[in-house]
Amino acid sequence: MQENKLILSGKTSRKITPDMVGLFFEDINFAADGGLYAELIENRSFEAVKSKGENHNYVLKEDNLYAWRSINGDDDSLEISFNQPVSENNPHYLRFTAKHDGDGFENKAYDGISLKKGMSYKLSFYAREVKYPEGNITASVVKDGKTFAKAEVAFDNGKNPPKEWMDTIHVVCDTLEWKKYEAVLKAEADVQGAKFQIKLSKAGSVEFDLISLMPEDAVAGVFRKDLFEALKDLHPAFLRFPGGCIVEGTSLMRRYQWKKTVGALKDRKIMTSLWAVQGGNTIAEWEMQDCHYMQSYGIGFYEYFLLCELLSSEKRKCKPVPVVNIGVACQFRSYETVPVDSDDFQQYVQDALDLIEFANGPVTSKWGKLRAEMGHPESFNLEMIAIGNEQWESGAVDLAPRYLAFEKAIHEKFPEIKTLGTAGPFIKNEMHAQAWNFYHENAKSNKKIAYVVDEHYYVAPQWLYDNVALYDDYPRDIAVFAGEYAAHDDNLSNSVEAAVAEAAMMTGMERNGDLVKLASYAPLFNRIGHSQWTPDMIWFDADKVVLTPTYYVQKLFSDYSGVEALELDGQEKTLRGNKLYVSAVKAADGKKIVKIANGSDEAQALSLVDKKGAAIKCSAELASLTAKSGKAKKVVPTDAVDLSAGNKVLKGGIMSNLEICQKRAPEEVAFKTEKISFDGTVTIPAKAFVVISF
Ligand code: AHR
């Protein structure tokens, strides 16, 4: 076994941030609807559209009944109407006509509903009579003819118009008001893959909209509990949201507009997702399997701020980092911009200013008042705002004047807010260098030009090993935000190989923790069978959560953070020769923490000695992450996507998302923390990550 030595002199080198590790949340891979948003009903407001296309060329088609169908196969009984809707912003709704007593309709609810025995689920919907003089409405969750939960509500037709109007359906509809119905469904047994059904007890015709079923344990009535807990357990220092490419949109009309995501749920204008037409690094087709991917904004900007509060703990505050659009549609997918000297552009700047007011403003201000009305009079204490997602100077986009206009307007009105810059989608290339030059130049006369610059890198594991020292020589005038990064192995899977490379890179970030202020892996979530992009940190389906090797790496860096880097005097460079990647820090409680990623295929030993060369022997805590099988799997390309051809060539035919997810399923890990009596030497298995704290 290779033997190595690390002298810990005890000298500290520089102050570092203990709050480097955070989260980047984008609604990709069904992260929001069908994911962290606990809503069980799919297309609950009948606003689905089908999106198709590829870069610079997209088409849409209304498909309002998507995810719904009649129970008895009579699809004529379901119609879409749009007259005096519940909300003008979401104008479509369902008109259901039961020809016989007991007819009904059902929702496929993503991959089917999972219920837990004894748990309650809150049902709500809007309904109004077309012609339903008597009868009730039953809602139930069923599978294979068996009912697992059921509730019945008495239909209120008290607002019937005068009897003589009753035969004239159109007149009747014009005069009736919507009523909101609520009930609770209690699960009598566990079930997976069930359908949600609504039935009319009598023949008749009723209109429905915003049909919702929420588990009672949804955190704050919004967030799916198990996914929320997985996030909370990471003690994230910040949450960057809402994207990602969805901030920019396939066109500016379809960009993320925070003002449309706040206020009453019924009024949040539902919009198609950019990820309905883009396979990211998975598959790229004219029509995607998840071409109905929509954004209900059940998690809107209020909920994102709330989520930050809920993820905060005594250990660490989770700070919100909203990203705003700078008048540029996604540069990969469109050339659309609004000119910097236009009134339209001013509106984008104003939206950013209003966002800060929404988060922090007094309840007497316009946007602060809305925050208070939504239930949060206290400020959300926003400190940072990211100007643009992944922007770069190009023939079509003038990044510099855009950034400067936002920065100036924000600092004039809110001098305390930190503005965050963008260095584009790639690292160590011309556009990255050009962006950094711009910030460095401006920093000479304006110290507040950018608190951090956001860099993105999705790269091979070997790139990370080769670039562990990336930040050693960065200028220190502006700090770094590693806002999106991941190791992409040859199969784009969540392998131990990829995670160990990420751990190695993070030792480099941590050693430079004075510079790298924020770091977030991307993407965060993957609903199995609905992914547009792999690898991802957390996988899930309707009732289980799969934590990946990457997740545990993030957790270890978050749990074992330091306030000062310990001087290694270049020993890290020597160890790198043996494929050992280390960082050493002093924690707030004075403990020393050493992190070691072993990138080699052999186990290695590392002896820790003090400045006199004596072995460090003490009681310690040892945390380790290894492949569960004992040996990390050798990753070989196994699927149909030829990455070298810009994702355009599908080698072995098109696979379903489920097949892709199966082929790229997270490698199982053994993760443990234990108290040990440390004898001075730690063994790090092949392709593993170990943390020792004493
Ligand atoms: O994380 C997936 C995508 O990668 C993000 O939306 C975008 O910012 C980057 O290109």
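One-based numbering, in listed order, for ligands and for the atoms of each. Positions are given from 1 along the sequence. What you see below is based on every heavy atom in this structure, not just the backbone, and it leaves out hydrogens, waters and symmetry mates.
R527 pairs in a side chain to side chain donor-acceptor pair (under 3.5 Å) with only one of the listed residues (D111, N29, D290), which is D111.
Take K260 and apply the side-chain contact (heavy atoms from CB on, under 4.5 Å) test, not counting sequence neighbours, and it matches Q257. Under the side chain to side chain donor-acceptor pair (under 3.5 Å) criterion, Y293 pairs with D27, sequence neighbours left out.
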Please tabulate, one line per pair, the protein N or O atoms found under 3.5 Å from any N or O atom of ligand 1, giving the distance to one decimal.
residue  : atom   : partner : partner atom : Å
ligand 1 : 1 (O)  : Y458    : OH           : 2.7
ligand 1 : 1 (O)  : E484    : OE1          : 3.4
ligand 1 : 4 (O)  : Y458    : OH           : 3.4
ligand 1 : 4 (O)  : E484    : OE1          : 3.2
ligand 1 : 6 (O)  : E26     : OE1          : 2.5
ligand 1 : 6 (O)  : E26     : OE2          : 3.3
ligand 1 : 6 (O)  : C245    : N            : 2.8
ligand 1 : 8 (O)  : N389    : OD1          : 3.4
ligand 1 : 8 (O)  : N389    : ND2          : 3.1
ligand 1 : 8 (O)  : E390    : OE2          : 3.4
ligand 1 : 8 (O)  : E484    : OE1          : 3.1
ligand 1 : 8 (O)  : E484    : OE2          : 2.8
ligand 1 : 10 (O) : E390    : OE1          : 2.8
ligand 1 : 10 (O) : E390    : OE2          : 3.1

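Using a cut-off of 4.0 Å between Lys/Arg side-chain N and Asp/Glu carboxylate O, K61 and D63 are scored as not salt-bridged.
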Show me, pair by pair, the donor-acceptor contacts under 3.5 angstrom made by side chains of residues 242-249, not counting sequence neighbours?
residue : atom : partner : partner atom : Å
E248    : OE2  : N389    : ND2          : 3.3
E248    : OE2  : E390    : N            : 3.3
E248    : OE2  : Q391    : NE2          : 2.7

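Within a 6.0 Å radius of CD in E430, no more than 12 heavy atoms belonging to other residues, nucleotides or ligands are found.
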